[in-house]
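Take a look at the structure set out below.
Each chain gets a letter, A, B and so on, in the order the sequences are listed, and its residues count up from 1. Just the heavy atoms: all of them, side chains too, but no hydrogens, waters or symmetry mates, feed the values below.
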Number of protein chains: 2
Amino acid sequence: MRLLVCCCRIDYRGRLTTRLGSGERVILLKDDGSVCVHSVRGAKPVNYMPGPTAVREEDGVIRIIRPASDEELAITVERVVDDRRLDLLDAAPLERQGSERDLHACLAARPDTIEEGLVVVERERPTDVGPIDLWCRDVEGRIALVEGKRIRAVASAVEQVVRYREQAERDPSLGPVRALVVAPDFAPQARVLADARGVERVTLDVGRLIAEAEADLTLFG
Amino acid sequence: MRLLVCCCRIDYRGRLTTRLGSGERVILLKDDGSVCVHSVRGAKPVNYMPGPTAVREEDGVIRIIRPASDEELAITVERVVDDRRLDLLDAAPLERQGSERDLHACLAARPDTIEEGLVVVERERPTDVGPIDLWCRDVEGRIALVEGKRIRAVASAVEQVVRYREQAERDPSLGPVRALVVAPDFAPQARVLADARGVERVTLDVGRLIAEAEADLTLFG
DNA sequence: ATATACATGTCGAGG
DNA sequence: CCTCGACGTGTATAT
């Protein structure tokens with residue numbers, strides 16, 4: 001990548017228009033075409049552009065163009081403090097633990113933590129309106145659709161599982177269909193909506209569940 | 001800020017846990033406590049931490065702790081490529097033009113672009129389930145709720161306006177209530193859901209509308 | 001290539 | 001302080 005420290009002005013045109021007056025910044029121009037402009041403060045870049053892009057430089061103006069979305073970033077370099085190329089060696093992937101995907105796997109492995117006697121029939125079952133996290137049967141043989149959230153459930157999570165239920169109810173042979181949302185906690189609007197729609201709320205500290213699952217893996221691994 | 005280029009390993013513990021194996025990265029440690037680790041590719045940092053934080057360095061390990069959320073980032077430096085301090089001068093604010101707020105103003109100013117004869121009664125009308133972008137009356141005197149999107153509408157946008165409509169329908173004196181989503185285009189699931197829920201779709205390139213509005217402003221200003 | 005959902009999302013406004 | 005929706009969201013995954 002190219003690491004440029006300079007005083008510059010920056011114009012962005014695309015989903016909206018931004019202008020940044022003269023000032024000193026750190027600019028990363030990566031080989032995949034992505035660009036990142038960091039100002040003196042803040043974790044987030046003040047300007048950026050995801051790759052792939054075409055980068056041209058002419059008369060002290062670096063023009064980054066992204067044809068896919070018709071966006072352009074123009075960096076007018078006024079004074080260069082440092083300009084160097086870095087050939088970084090990095091093949092390591094970021095390993096994550098505790099993602100939503102992990103959560104689903106964990107719930108699927110231990111459905112009884114959601115409800116006694118619950119059995120998973122299918123995971124990530126696709127429908128017209130999106131995939132159902134867990135397609136289960138409860139202890140009385142009824143279909144139970146489960147939507148799991150890693151973090152606090154909001155109204156949209158409830159609406160999601162309602163959509164799934166409506167989809168499932170189109171097949172009358174399935175009989176009555178239950179809908180559940182499993183989350184560490186529920187926003188007030190999610191609670192109200194769940195109650196109004198007949199969606200069952202299951203409060204479950206998923207972090208703990210995953211921690212326990214890992215402990216089990218350690219024990220049996 | 002401190003600009004560190006090095007080979008390192010990184011561990012994050014917080015809302016989840018991540019591990020990043022040995023590799024060369026660019027690390028920005030800003031004076032406001034924010035930290036940003038950039039790998040060889042991608043617009044987003046591979047690891048980060050917003051300020052304020054406490055930074056300690058000991059035995060080649062940089063430990064960034066954020067007490068507010070009990071998060072920790074540990075950078076184990078294995079080999080330093082470059083380590084320098086930059087005192088950047090930058091007071092310029094980022095100026096934006098063309099946000100969703102501008103869009104609503106634009107639609108409110110020209111409701112006839114949504115539908116012939118539509119009249120705006122109220123903007124950002126507050127309800128229990130959130131503010132309605134535009135509360136209108138159509139040419140036949142019916143209430144019409146409008147949700148405007150600057151970019152492609154997804155299912156959640158449809159669900160949003162359905163919630164508004166349900167809220168409005170609790171007052172029977174209002175009569176029948178229409179629900180509209182205005183967006184430059186619609187995702188397939190949004191289409192299906194809108195049709196199922198009786199929500200009307202209005203395809204409108206709002207960016208163009210804003211551009212025209214700006215042209216008008218230029219003409220008359 | 002397109003569509004969809006996740007994210008350490010982050011951020012800011014309103015009650 | 002909490003709750004909520006916008007974001008130039010970016011990014012990976014499945015179709």
Side-chain angles (χ1 to χ4, degrees), chain A residues 10-18 32 34-37 42-51 66 68-73 93-94 96-104 124 126-131 133 147-152 154-157 160 185-192 207, chain B residues 10-18 20 34-35 37 41-50 66 69-73 94 96-104 124 126-133 147-152 154-157 159-160 163 185-192 207:
Chain A
I10 301 181
D11 291 281
Y12 165 77
R13 177 193 61 72
R15 285 167 273 201
L16 54 54
T17 302
T18 72
D32 64 356
S34 62
V35 178
C36 211
V37 180
K44 291 181 72 177
V46 63
N47 274 120
Y48 60 90
M49 190 90 96
R66 198 167 117 96
S69 47
D70 187 31
E71 294 174 281
E72 180 175 344
L73 191 68
L94 185 70
R96 291 166 217 243
Q97 214 161 43
S99 68
E100 186 121 346
R101 203 174 160 67
D102 292 342
L103 156 64
H104 294 166
E124 310 292 336
T127 74
D128 290 5
V129 292
D133 289 349
E147 175 70 21
K149 286 292 163 195
R150 188 176 55 87
I151 54 174
R152 162 180 284 231
V154 294
S156 59
Q160 211 174 328
D185 82 316
F186 290 79
Q189 289 190 10
R191 262 175 235 196
V192 171
Chain B
I10 302 181
D11 291 281
Y12 165 78
R13 178 191 60 73
R15 285 165 277 198
L16 54 51
T17 302
T18 71
L20 185 62
S34 62
V35 179
V37 181
R41 60 201 185 97
K44 290 180 73 177
V46 64
N47 275 118
Y48 60 91
M49 190 91 97
R66 199 168 116 94
S69 48
D70 187 31
E71 294 174 282
E72 180 174 346
L73 192 68
L94 185 71
R96 291 167 200 250
Q97 201 167 47
S99 64
E100 182 117 354
R101 202 172 163 67
D102 294 340
L103 154 65
H104 294 166
E124 308 294 336
T127 74
D128 289 3
V129 293
I132 299 171
D133 290 348
E147 175 72 20
K149 288 291 164 194
R150 192 175 50 83
I151 55 174
R152 162 181 284 232
V154 295
S156 59
E159 280 159 343
Q160 212 174 325
R163 270 189 309 211
D185 82 316
F186 289 78
Q189 289 190 9
R191 263 175 236 194
V192 171

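In this structure, the CD1 atom of A/Ile151 is 12 Å from the P atom of D/dC4, given to the nearest Å. If you take CG of B/Asn47 and P of C/dT10, they are 12 Å apart, rounded to a whole angstrom. If you measure from atom CG of B/Asp133 to atom C1' of D/dC4, you get 14 Å, rounded to the nearest angstrom. For A/Glu124 and C/dC6, the CD to C1' distance is 12 Å, given to the nearest whole Å. Atom-to-atom, CD of A/Glu100 to C1' of D/dA14 comes out at 16 Å; the value is rounded to the nearest Å. Atom P of nucleotide C/dT4 and atom CZ of B/Arg191 are separated by 9 Å, given to the nearest angstrom. In this structure, CD of B/Glu159 is placed 10 Å from P of C/dA5, rounded to the nearest angstrom. Rounded to an integer number of Å, the gap from NZ of A/Lys149 to C1' of C/dT8 is 16 Å.
Base engagement by A/Met49 is indicated by at least one non-hydrogen atom pair under 4.0 Å involving a base atom. Residue B/Glu147 is classed as a sugar-phosphate contact, given heavy-atom separations below 4.0 Å to backbone atoms only. Using a 4.0 Å heavy-atom distance criterion, B/Arg96 is classed as a sugar-phosphate-only contact.
Of the two residues contacting DNA chain D, namely A/Pro126 and A/Leu16, the nearest-nucleotide position lying further toward the 5' end is that of A/Leu16. Nucleotides of DNA chain D nearest to A/Asp185 and A/Glu71 differ in position, and the one nearer the 5' end is that of A/Asp185.
Atom CZ of A/Arg101 is surrounded by 12 or fewer heavy atoms from other residues, nucleotides or ligands within 6.0 Å.
With a 4.5 Å cut-off on side-chain heavy atoms, A/Asp133 and A/Glu124 count as touching.
To the nearest whole angstrom, the two C1' atoms, one in C/dA7 and one in D/dG5, are 16 Å apart. Annotation: C/dT8 and D/dC4 have their P atoms spaced 22 Å apart (nearest Å).
Considering only side-chain atoms of A/Lys44, the nucleotide from C/dC11, C/dA7, C/dA5 that sits closest is C/dC11. Considering only side-chain atoms of A/Ala187, the nucleotide from D/dC4, C/dT8, D/dG8 that sits closest is D/dC4. Checked against D/dG8, C/dT8, D/dG5, the side chain of B/Tyr12 finds its nearest nucleotide in C/dT8. You'll find that the side chain of B/Ala43 is closest to D/dG10, out of C/dA7, D/dA6, D/dG10.
Between A/Gln189 and D/dC4, a side-chain N or O to OP1/OP2 separation shorter than 4.0 Å is present. A/Gln97 has no side-chain polar atom (N or O) that falls below the 4.0 Å cut-off from OP1 or OP2 of C/dT8. The phosphate of C/dG9 has neither OP1 nor OP2 within less than 4.0 Å of any side-chain N or O from B/Tyr48. Within the structure, every side-chain polar atom (N or O) of B/Arg152 is placed at least 4.0 Å from both OP1 and OP2 of D/dC7. An OP1 or OP2 oxygen of C/dG9 is reached within less than 4.0 angstrom by a side-chain nitrogen or oxygen of A/Arg150. For B/Arg15, no side-chain nitrogen or oxygen approaches OP1 or OP2 of C/dA7 to under 4.0 Å.
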